[in-house]
Student: 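Got a structure here, written out as structure tokens. Questions coming.
Chain letters run A, B, ... following the sequence lines, proteins first and then strands; every chain starts at 1. Heavy-atom basis, side chains included; hydrogens, waters and symmetry copies ignored.
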Amino acid sequence: MGINEKPAQLKPNDYASDQEVRWCPGCGDYAILNAVKRTLADHQADKANTVFVSGIGCSSRLPYYMSTYGFHTIHGRAPAFATGIKITNPELDVWVITGDGDSLSIGGNHFIHLFRRNLNCQILLFNNEIYGLTKGQASPASRTGTISPSTPKGSLESPLSACELALSSGATFVARGVDTAIKQLVPTLSKAKEHSGTALVEIFQNCIVYNDNVFNSFTEKSAAIERQIHLENGKPMLFGEDNTKGLSLSADHSKLEVIDLKINKKEESKILIHDESNKIIAYLLSQMNQSTMPIALGVLYSTEKPTLDSYYTHRIEEHKNKISNIMEKGQTWTI
Amino acid sequence: MGINEKPAQLKPNDYASDQEVRWCPGCGDYAILNAVKRTLADHQADKANTVFVSGIGCSSRLPYYMSTYGFHTIHGRAPAFATGIKITNPELDVWVITGDGDSLSIGGNHFIHLFRRNLNCQILLFNNEIYGLTKGQASPASRTGTISPSTPKGSLESPLSACELALSSGATFVARGVDTAIKQLVPTLSKAKEHSGTALVEIFQNCIVYNDNVFNSFTEKSAAIERQIHLENGKPMLFGEDNTKGLSLSADHSKLEVIDLKINKKEESKILIHDESNKIIAYLLSQMNQSTMPIALGVLYSTEKPTLDSYYTHRIEEHKNKISNIMEKGQTWTI
Amino acid sequence: MDGNPSTKNSQIKMDKWSTTVRFAGDSGDGMQLTGGRLTFEAAISGMGLATFPDYPAEIRAPAGTTFGVSSFQVRFGEGLIASSGDHADILVAMNPAALKMNIKEVIPGGLIIIDNGSFNDRGIRKAGYSNNPIEDNSLSGMQLISADISNLTIEAVKDFGLGQKDGIRCRNMWTLGLILWLFSKNTKQTEDWLIKKFGKDNILTKANIAALKAGSAYAENTEISNDILRKEVPQAKPLPGKWRAITGAEAIAFGLATGANHANLKMTLCSYPITPASPIMHYLANYEIENIGIYQAEDEIAACCAAIGVSYAGGLGVTSSSGPGISLKTEAIGLAISVELPLIIVNSQRAGPSTGLPTRAEQSDLMQAIYGRHGEAPLVVLAPKSPADCFNISHKAIKIAIKYMTPVMILSDAYLTNASEPWLIPDIEKIEKFPAKFANFIENYQPFERDPKTLARKWVKPGTKGMEHRIGGLEKDSISGNISYDPDNHAKMTNLRNQKIQNIEKEFSDIPINGLDNGDILLIGWGSTNGPISEVKELLKNENIKISHIQLNCLWPLSSKLKEIITKFKSTIVIEMNDGQLYNLLRTEIAPKANSITQVSGKPFRVSYLKEKILNILKDGI
Amino acid sequence: MDGNPSTKNSQIKMDKWSTTVRFAGDSGDGMQLTGGRLTFEAAISGMGLATFPDYPAEIRAPAGTTFGVSSFQVRFGEGLIASSGDHADILVAMNPAALKMNIKEVIPGGLIIIDNGSFNDRGIRKAGYSNNPIEDNSLSGMQLISADISNLTIEAVKDFGLGQKDGIRCRNMWTLGLILWLFSKNTKQTEDWLIKKFGKDNILTKANIAALKAGSAYAENTEISNDILRKEVPQAKPLPGKWRAITGAEAIAFGLATGANHANLKMTLCSYPITPASPIMHYLANYEIENIGIYQAEDEIAACCAAIGVSYAGGLGVTSSSGPGISLKTEAIGLAISVELPLIIVNSQRAGPSTGLPTRAEQSDLMQAIYGRHGEAPLVVLAPKSPADCFNISHKAIKIAIKYMTPVMILSDAYLTNASEPWLIPDIEKIEKFPAKFANFIENYQPFERDPKTLARKWVKPGTKGMEHRIGGLEKDSISGNISYDPDNHAKMTNLRNQKIQNIEKEFSDIPINGLDNGDILLIGWGSTNGPISEVKELLKNENIKISHIQLNCLWPLSSKLKEIITKFKSTIVIEMNDGQLYNLLRTEIAPKANSITQVSGKPFRVSYLKEKILNILKDGI
Ligand SMILES: Cc1ncc(C[n+]2csc(CCOP(=O)(O)OP(=O)(O)O)c2C)c(N)n1
Ligand SMILES: Cc1ncc(C[n+]2csc(CCOP(=O)(O)OP(=O)(O)O)c2C)c(N)n1
Ligand code: SF4
Ligand code: SF4
Ligand SMILES: [Mg+2]
Ligand SMILES: [Mg+2]
């Protein structure tokens, strides 16, 4: 599926189906849909070879809006369907579309096993930290204190971090993006598509109806520069106005800290160089305290490991027995 | 449930029910059962106040062998039952008994949500890296290459680490022990019992029928001293003959390394002091490569966080409304 | 009577004293709220009423699209108002899409009120019209009030400093004003309500009141004043006491809370969000009633297991869901049956297999409720017949669950959940109490010893000294509860579990017959179809047909009285919103010759449809 | 005929040419293997045979305990051998616990072979005997061969340098030698098999052969040689060809593989371990047949979803489980029904609700199979009637699934899974093939357009250019497949889904009648009860009762022919291992007056029990 496989260049909108898009006006899902279409166009992806598989949720409606193959399945189980699809036809480019409720609540188990098995697919987690479709209850990604119809006095539980959970389950590619930051999101989706193995992209998505502005602290124009760090492999972890801030490891190795180069130029050498293959640093990046640290975006972690579909296919190819031979194996007698 | 609450001292066997124990002779489960009974006796635990809740599996039969309250539920869901029990009666001391299949395969989702919510209970994971009860299929904890009835040519998938998964889900207490090492296991179980919040103890358990000797590399008498590190909070991470080896962090912060003090006495200062509250080091300890590094035993991680049962109870106690008042709230009319 | 019942638009006017009004607009237009206000106005006049809120899809769609239209229908009047009306007498359509989606619900000659300010090219196209329906004669035969409500509203509120966008939001109050005037109601109650809601000096209060009054004034000042639809609605005579409107979801929440209170139990509703079940969880979360809590689990399986854990620990475990979620609970419910613990499962049925039509009502989970588990795994299945009846049934479900130590499933549906009716607020102190009994200390306690009458085993709270024991899902000895592989024991336990449930039929042997206890036709319904069935029965009775009606509350076990009742009628017709599930159940033994009327469209029955079908069956000879 | 059929021990000798042997010992004693060898010896003589392996619990228990006893029963002989025998003629008991657990399975006067070397105090106590049963007269009335088999075996093998522990393991071969001699079989075949298994020069080979011969010699040298049980088993005349013994699990594995091959599809069995379903997965994993794979998922839900994914991608998705696992698949099966994709679900039924009795057979999942999903969600339910029939039904299930684009559930059970019978290995090239057809390019493709005859929609492989489309579980337009909330469309789709399944009854209209096509009594069974029902029918026919028998393979849809068949008999008796589920189904319309015989003990029917029950029904007047 390289670039320029087809004579006529496909444009992003050629990946749109004829169905009317039915999200709330202003929903972050629109921007993500556009980013996905652009990514496919950038790759000149073959529509017939592309499958979007989703669970249930606002986000999971995305497949209906693509002119590719699409399967809107049941709540939380999209990874399992994707697995059946890929072990049957590993040639297909499979995109799993899911929400924070779909993947971290009911679908948590399939989510972690997808990473453990390293199925070669992309999983886009639309994280709006809320159940959108069912009218706004707190999800496992909601911050403690979230007011919702099921938690009118504020939720009590601690949120899960999708990236941290994925890392602990054996993920080989973990990345993050912001719905409206299409400039950064498209290249991240591109890398996810190119990755061999399960590629998680957690996308912070604004639900304007039930959880509006929950990511404002780092998505607002004015805040972005100081509150987002865009990771690049092999480059120092810098952010802020003129890249004058950087991340370093705390003395007790328990967390990352910010070094302000304007104040502390001498400490520049302590600033970490992003190494996508360092899982421990990826853990630290995924865990950064959102109130005091910037949010890490881009590819947090990437490594190589055999994929389920490849080793499954390989094994099946080794199966050479004929049914009749097997039937006649062991003790038989002839009359 | 302090010590000496009762006049007559209970002995470990007072915690045994009248049911015949039905594990295979030589199964590691026997030793764990004994360790559990000893732990209860050490605490002079009130039998009436103790509940063992289990899923399905050889390990999950344990509740039948205890003279406490016991609930043998369905496969993988014990954490959910435990949650219902604790939010109804937080005074009960609840022990969740589970196997690697029960908790990491079908029950993976409830497992991670138990840690996220920090229910105040102990969860003992009997890890024999195999499905015992169903006759020996590979489980998500089985090492790649495991030969089993469902993987006759060796399993292809990578194993999950229970401790790593628990840490990423918000666990507040993560510990490990070995079935037959009752001297270390009992104190670990004791600490788990004393911990406020979900306390995971992963116990390496030998299944002599379907996965015999799988832990031999570190459980065999001759190997134990070089291949086990027993963690103690605030103490340097030393192990080996005369404690002449220690663990330090690699230069790129990506893993732990062994320093051999006999060779490299100068590096002694690099040896890490075990700090139970350092999650990142706990991650590294839980991930150590079993072929080159010792296995970390004892308490890997411990921290404090409000428990689900306490905050749920607290919230319910705030509920003061009478039904009649609520019924009559809003628009009514009188005829 | 209409001689040609097959004409789709043939409106049968049920009775002269009822009117059905339907509000339709974008989700953001406040139609549910406007409908609710009119409902309240009708209620406080002591009228009978029934409502039908309809949300077409789960997602809020862009303004002006057909799939974003939300509607609220209310029927009120004197006499029997049990269903929310087959068709609307009056339709309020806030935009072209609302008109398009609802016009077929209006009776021929009905009144249509349109905001022509929204009938611009863009809006018309968005709705999928090729021409402006106001102008192309497609509304001929209807009475039309077409006004630029948008502009009239903006004008009315312009003094309060609201922008155009906020100003136009008062359109719903403008239309409410107009409607109130049509029914000779003044705007006073609504004004008071607005003041209470926003505060006296809030500009929103002022603007909304201004819009309300402007709508009312508009009606008074235009020629519609002489319209036949302007009926004086007479005062009805309901029971004295304090009344309120109640939806099924609220009534279930109240019924469960009251039942738990009367059982003297802490209750936790363990649930996972799903349409249309969630409101029960939301209401309970908001009520903050003492000893009543909710727990939102990670999925429906965990919710059901947690609820069983609650009951195991000596609380009242309740779990609630719909379609897909109920299917997921199957295995866990089997365990509750096997360990014989009380458990309440509320199924707010929705339409279709799989995800289906999440917001629509159907009764197609009956067979699943009764038989949907592996092994012989019987439980009790109850169904409330109206929003208010949801209170009674939920309350009774708890009594049964703890008396017999059994799971009880309540079959509600998407219609009951959202529909409302007037409800005489009960004095809960006067309702039967049934405090749960826990076994304290018993010498030589045997966990599966049973009460000889109820066949219930004893409920023991963990924490009780000397009663420590173990339970689980493996087959167990019929006395000691220890694991038993003995074949005879298994046969015995299977029989005991079944017998225990069958005995419960006694608790539901009082089956009220709506009509005489003998005659030509007996209509049998269950659950939310009570409204239309009651009405069609009245209608046909008035046409001198000897017809009676029973609406079953208990679907499993089936009452042994049923057969007796049925034999007194020449013919039986089972009416339900599925493919004939109760019909098949009754045919095995109780009513081998019954007839069946079904509908699986996700919509409540129309009385006219039922009448037509019943007459057809009569014609074919009973 | 026995005049007093209610006496529990009243053994009715089915026919004079069959013998039933039961081996019982500790799990480690090799009883399954010994039984298997005898089975094979019987099979190669061309006899009919049926086996019943019985594992009492799932866990391997300490030696000598009653709950650790494993047994294997084999019945063989000429004539109809359809069930594994009501009672054993010969019991081999390796220790006191084995005797205790199995003595009630032996006919009065039967032969018991005991290793008295294991009847020491400790063993006797462990088994729960207070006295030594060999000495306390409790075996009076039985023929007893009591030998110190332990010691005799150790003596026989002592030359081969095995320790005591390994030496004693050859006990099973010693007893096999004795049994073979009883049936005038020499030990040659078994010797060859041992050589093939361990290698000629292995000391295990030598020791086992020595033990085998010693057992045979022992029999020859003791007075039991004159015993009536020493029957010359005559040669039967089965069809010519290559035969093997086959269990139900193997036959399902072969049937699925052959079906996938004949459909030209890659197949993946997606499963999660559970008793007694796992063997199907194990066999397929081991066979390594081309294009056939297995995928062990993280749970049953994921297994079912993955299988649907397989079919969606153009392979054949199969999922397999038992009781609790099947319950968990409920929601996902509903999706497969809604999106109309082929899917095979194999349910190896086990006994009881919840965890129940995992190793025991029951037929109590029938109603769940038919009705256990939310919404109107019909699928096809098939049941094989014997181990060998598992092949045919699995093969046919695939044909139906792809022809009609529907899930098909196969109801096997714990008995069929493990029981074996002789099987003429088919030439699979001669069996009907049904290559799956995928739609390639269709102008203006409509995903839910249907074949007018089968009502099946087209199967499209993702990857096919120009056919890109979207499917899902929401209700969909009956042609385009786009999401549709239209009530009429929903009614139409509900009807279409139902009609499609109902049509499939044609595929199963050929219902073979075992006996005349009219008479006094028609026995109706389904699934694994075929053996005992066939036999009881023969038995009663021989007593001049006009009796016939049909064993249904297709439980849903029910064949329209059924009614016709039934009307030709005065009385119908439905026989099943549950509380009367098929009986209830048939009563609604097909056989309103049927009688029911049921048993819910987790054990297969005894022919004597059936005879008693049938005679009782006859006595009560038919
Ligand atoms: C088995 C099942 N349980 C519950 C639901 C109801 N449900 C639909 S979507 C959803 C959660 C949606 O949240 P999320 O995954 O975060 O998606 P979003 O709508 O926020 O994009 C729930 C609970 C369902 N359809 N099926
Ligand atoms: C829903 C369900 N699926 C499958 C099973 C079968 N089953 C019982 S125990 C088990 C796995 C046991 O493995 P593990 O949890 O590791 O326990 P162990 O026996 O090894 O102690 C399985 C698959 C079941 N009882 N219920
Ligand atoms: S509810 Fe939230 S997530 Fe769903 S479509 Fe609307 S804005 Fe988007
Ligand atoms: S199978 Fe393994 S885990 Fe199970 S009881 Fe036997 S030895 Fe223990
Ligand atoms: Mg969300
Ligand atoms: Mg295990």
Student: Out of Pro79(B), Ser17(B), Ala80(B), Gly70(B), which one racks up the most heavy-atom pairs below 4.5 Å with chain C?
Tutor: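 Of the options given, most contacts go to Gly70(B).
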
Student: Can you say whether Tyr312(C) sits under 4.5 Å from chain B via the side chain, the backbone, both, or neither, judging by heavy atoms?
Tutor: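 Contact with chain B is through the side chain of Tyr312(C) alone.
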
Student: Using every non-hydrogen atom in the two residues, find where Trp333(B) and Ala43(C) come nearest and quote the distance to one decimal.
Tutor: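 Closest heavy-atom pair between Trp333(B) and Ala43(C): CH2-CB, 2.9 Å.
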
Student: Mind checking salt bridge (charged side-chain N to carboxylate O under 4.0 Å, His left out) for Arg244(C) and listing every partner two or more places apart, or none if nothing turns up?
Tutor: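 Once residues adjacent in sequence are excluded, the partners of Arg244(C) under the salt bridge (charged side-chain N to carboxylate O under 4.0 Å, His left out) criterion are Glu250(C).
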
Student: For Ala332(C), is it the side chain, the backbone, both or neither that has a heavy atom under 4.5 Å from a heavy atom of chain B?
Tutor: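 Answer is both: backbone and side chain atoms of Ala332(C) are under 4.5 Å from chain B.
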
Student: Highest number of heavy-atom pairs under 4.5 Å with chain C: which of Lys329(B), Glu318(B), His110(B), Glu317(B)?
Tutor: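 Result: the option with the highest number of such pairs is His110(B).
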
Student: Between Leu335(C) and Thr73(B), is there a side-chain heavy-atom distance shorter than 4.5 Å?
Tutor: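 Yes, at least one pair of side-chain atoms sits under 4.5 Å.
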
Student: Does the side chain of Lys465(C) come within less than 4.5 Å of Asp46(B)'s, by heavy atoms?
Tutor: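 They are in contact (side-chain heavy atoms under 4.5 Å apart), so the answer is yes.
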
Student: Are any of the side-chain heavy atoms of Leu474(C) and Tyr64(B) separated by less than 4.5 Å?
Tutor: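 When only atoms from C-beta onward are counted, Tyr64(B) and Leu474(C) do touch, with a gap below 4.5 Å.
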
Student: Answer yes or no: does atom NZ of Lys433(C) have more than 12 heavy-atom neighbours from other residues, nucleotides or ligands under 6.0 Å?
Tutor: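 Yes, because the 6.0 Å sphere around NZ of Lys433(C) holds more than 12 heavy atoms from other groups.
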
Student: Non-hydrogen atoms of chain B under 4.5 Å away: do they reach the side chain of Ile294(C), the backbone, both or neither?
Tutor: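 Backbone of Ile294(C) only, per the 4.5 Å heavy-atom cut-off to chain B.
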
Student: Using non-hydrogen atoms only, which part of Asp427(C) is less than 4.5 Å away from chain B: side chain, backbone, both, or neither?
Tutor: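 For Asp427(C), there is no contact with chain B at all, as no heavy atom is under 4.5 Å.
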
Student: If the condition is side-chain hydrogen bond (donor to acceptor under 3.5 Å, both in side chains), which residues does Thr313(B) pass it with, not counting sequence neighbours?
Tutor: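 Partners of Thr313(B) under the side-chain hydrogen bond (donor to acceptor under 3.5 Å, both in side chains) test: none.
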
Student: Are side-chain heavy atoms of His319(B) and Asn291(C) found at a separation under 4.5 Å?
Tutor: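 Of all side-chain heavy-atom pairs linking Asn291(C) with His319(B), none is under 4.5 Å.
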
Student: Give the member of Pro240(C), Ser338(C), Gly315(C) that has the highest number of heavy-atom pairs under 4.5 Å with chain B.
Tutor: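 The option with the most such pairs is Pro240(C).
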
Student: Side chain, backbone, both or neither: which part of Leu424(C) has an atom under 4.5 Å from a heavy atom of chain B?
Tutor: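 Looking at Leu424(C), nothing touches chain B.
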
Student: With the side chain counted from C-beta on, respond yes when Tyr69(B) and Met467(C) share a heavy-atom pair under 4.5 Å apart, and no when they do not.
Tutor: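 Touching, per the 4.5 Å side-chain cut-off.
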
Student: Chain C heavy atoms under 4.5 Å from Arg116(B): which part of the residue, side chain, backbone, both or neither?
Tutor: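 For Arg116(B), there is no contact with chain C at all, as no heavy atom is under 4.5 Å.
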
Student: Sort out for me which residue in Val51(B), Thr50(B), Asn49(B) forms a side chain to side chain contact (heavy atoms under 4.5 Å, CB included) with Pro462(C).
Tutor: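 The side chain to side chain contact (heavy atoms under 4.5 Å, CB included) with Pro462(C) is passed solely by Val51(B) among Val51(B), Thr50(B), Asn49(B).
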
Student: Would you say Glu468(C)'s side chain and Ala48(B)'s backbone share a donor-acceptor pair under 3.5 angstrom?
Tutor: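 Between the backbone of Ala48(B) and the side chain of Glu468(C) there is a qualifying donor-acceptor contact (under 3.5 Å).
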
Student: Mind checking whether Lys322(B) and Ile289(C) have side chains closer than 4.5 Å, heavy atoms only?
Tutor: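 No, side chains not in contact.
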
Student: Taking the side chain from Trp243(C) and the backbone from Ile335(B), do they hold a donor-acceptor pair closer than 3.5 Å?
Tutor: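 Here the side-chain-to-backbone pair does not exist.
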
Student: Crowded around His314(B) NE2? As in, over 12 foreign heavy atoms under 6.0 Å?
Tutor: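 No, not enclosed.
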
Student: Going by heavy atoms in the side chains, are Phe391(C) and Met327(B) under 4.5 Å from each other?
Tutor: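 Yes, side chains in contact.
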
Student: When you measure from the side chain of Asn89(B) to the backbone of Ala313(C), do you find a donor-acceptor pair of N or O atoms at a distance under 3.5 Å?
Tutor: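 Between the backbone of Ala313(C) and the side chain of Asn89(B) there is no qualifying donor-acceptor contact (under 3.5 Å).
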
Student: Start with the C-alpha gap between Arg117(B) and Tyr295(C), add the side-chain angles, then the distance that decides, and say whether side-chain contact (heavy atoms from CB on, under 4.5 Å) holds.
Tutor: CA-CA 12 Å; Arg117(B) 298 198 178 100; Tyr295(C) 167 68; 2.7 Å; yes

Student: Could you look at Lys196(C) and say if it's the side chain, the backbone, both or neither that has a heavy atom under 4.5 Å from chain B?
Tutor: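 For Lys196(C), neither part sits under 4.5 Å from chain B.
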
Student: Side chain of Lys266(C), backbone of Thr88(B): donor and acceptor closer than 3.5 Å?
Tutor: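 Present.
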
Student: Give, as side chain, backbone, both or neither, the part of Ile112(B) having an atom under 4.5 angstrom from any heavy atom of chain C.
Tutor: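 When you check distances to chain C, no heavy atom of Ile112(B) falls under 4.5 Å.
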
Student: Please classify the contact between Ile428(C) and chain B as side chain, backbone, both or neither, with a heavy-atom cut-off of under 4.5 Å.
Tutor: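 Side chain of Ile428(C) only, per the 4.5 Å heavy-atom cut-off to chain B.
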
Student: Taking every heavy-atom pair that is under 4.5 Å apart, which of Gly473(C), Gly472(C), Gly334(C), Ser311(C) has the most such pairs with chain B?
Tutor: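 Sorted descending by pairs with chain B, the first entry is Gly472(C).
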
Student: Can you see which heavy atom on Ile74(B) is nearest to which on Cys305(C), and at what distance?
Tutor: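 Looks like CD1-SG, 4.0 Å.
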
Student: What part of Tyr283(C) lies closer than 4.5 angstrom to a heavy atom of chain B: side chain, backbone, both or neither?
Tutor: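 Contact with chain B: none, neither part.
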
Student: When you compare the side chain of Glu290(C) with that of Ile316(B), does any pair of heavy atoms fall below 4.5 Å?
Tutor: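 Of all side-chain heavy-atom pairs linking Glu290(C) with Ile316(B), none is under 4.5 Å.
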
Student: Less than 4.5 Å to any heavy atom of chain C: does that hold for the side chain of Tyr312(B), its backbone, both, or neither?
Tutor: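 The side chain, not the backbone.
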
Student: Ion pair present between Glu328(B) and Lys242(C), side-chain N to carboxylate O less than 4.0 angstrom?
Tutor: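 Result for this pair is yes, salt bridge flagged.
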
Student: Check each atom of Ala303(C) against the heavy atoms of chain B and say whether the ones under 4.5 Å are side chain, backbone, both or neither.
Tutor: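 Neither part.
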
Student: Side chain, backbone, both or neither: which part of Lys86(B) has a heavy atom under 4.5 Å from chain C?
Tutor: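 No part of it gets close to chain C.
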
Student: What part of Ala307(C) is in contact with chain B, defined as an atom under 4.5 angstrom from a non-hydrogen atom: side chain, backbone, both or neither?
Tutor: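 Contact with chain B involves no heavy atom of Ala307(C) at all.
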
Student: Taking Arg470(C) for the side chain and Met66(B) for the main chain, is one N or O donor matched with an acceptor at less than 3.5 Å?
Tutor: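 Indeed, once roles are kept as given, a pair shorter than 3.5 Å links the two residues.
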
Student: For the interface with chain C, which of Thr332(B), Val53(B), Asn109(B) has the highest count of heavy-atom pairs at distances below 4.5 Å?
Tutor: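 The option with the most such pairs is Thr332(B).
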
Student: At a 4.5 Å cut-off on heavy atoms, which part of Thr68(B) comes close to chain C: side chain, backbone, both, or neither?
Tutor: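 Interface part for Thr68(B): backbone (N, CA, C, O).
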
Student: May I ask you to name which of Ala82(B), Ala78(B), Ser324(B), Ser67(B) has the most heavy-atom pairs under 4.5 Å with chain C?
Tutor: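 Winner by heavy-atom pair count: Ser67(B).
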
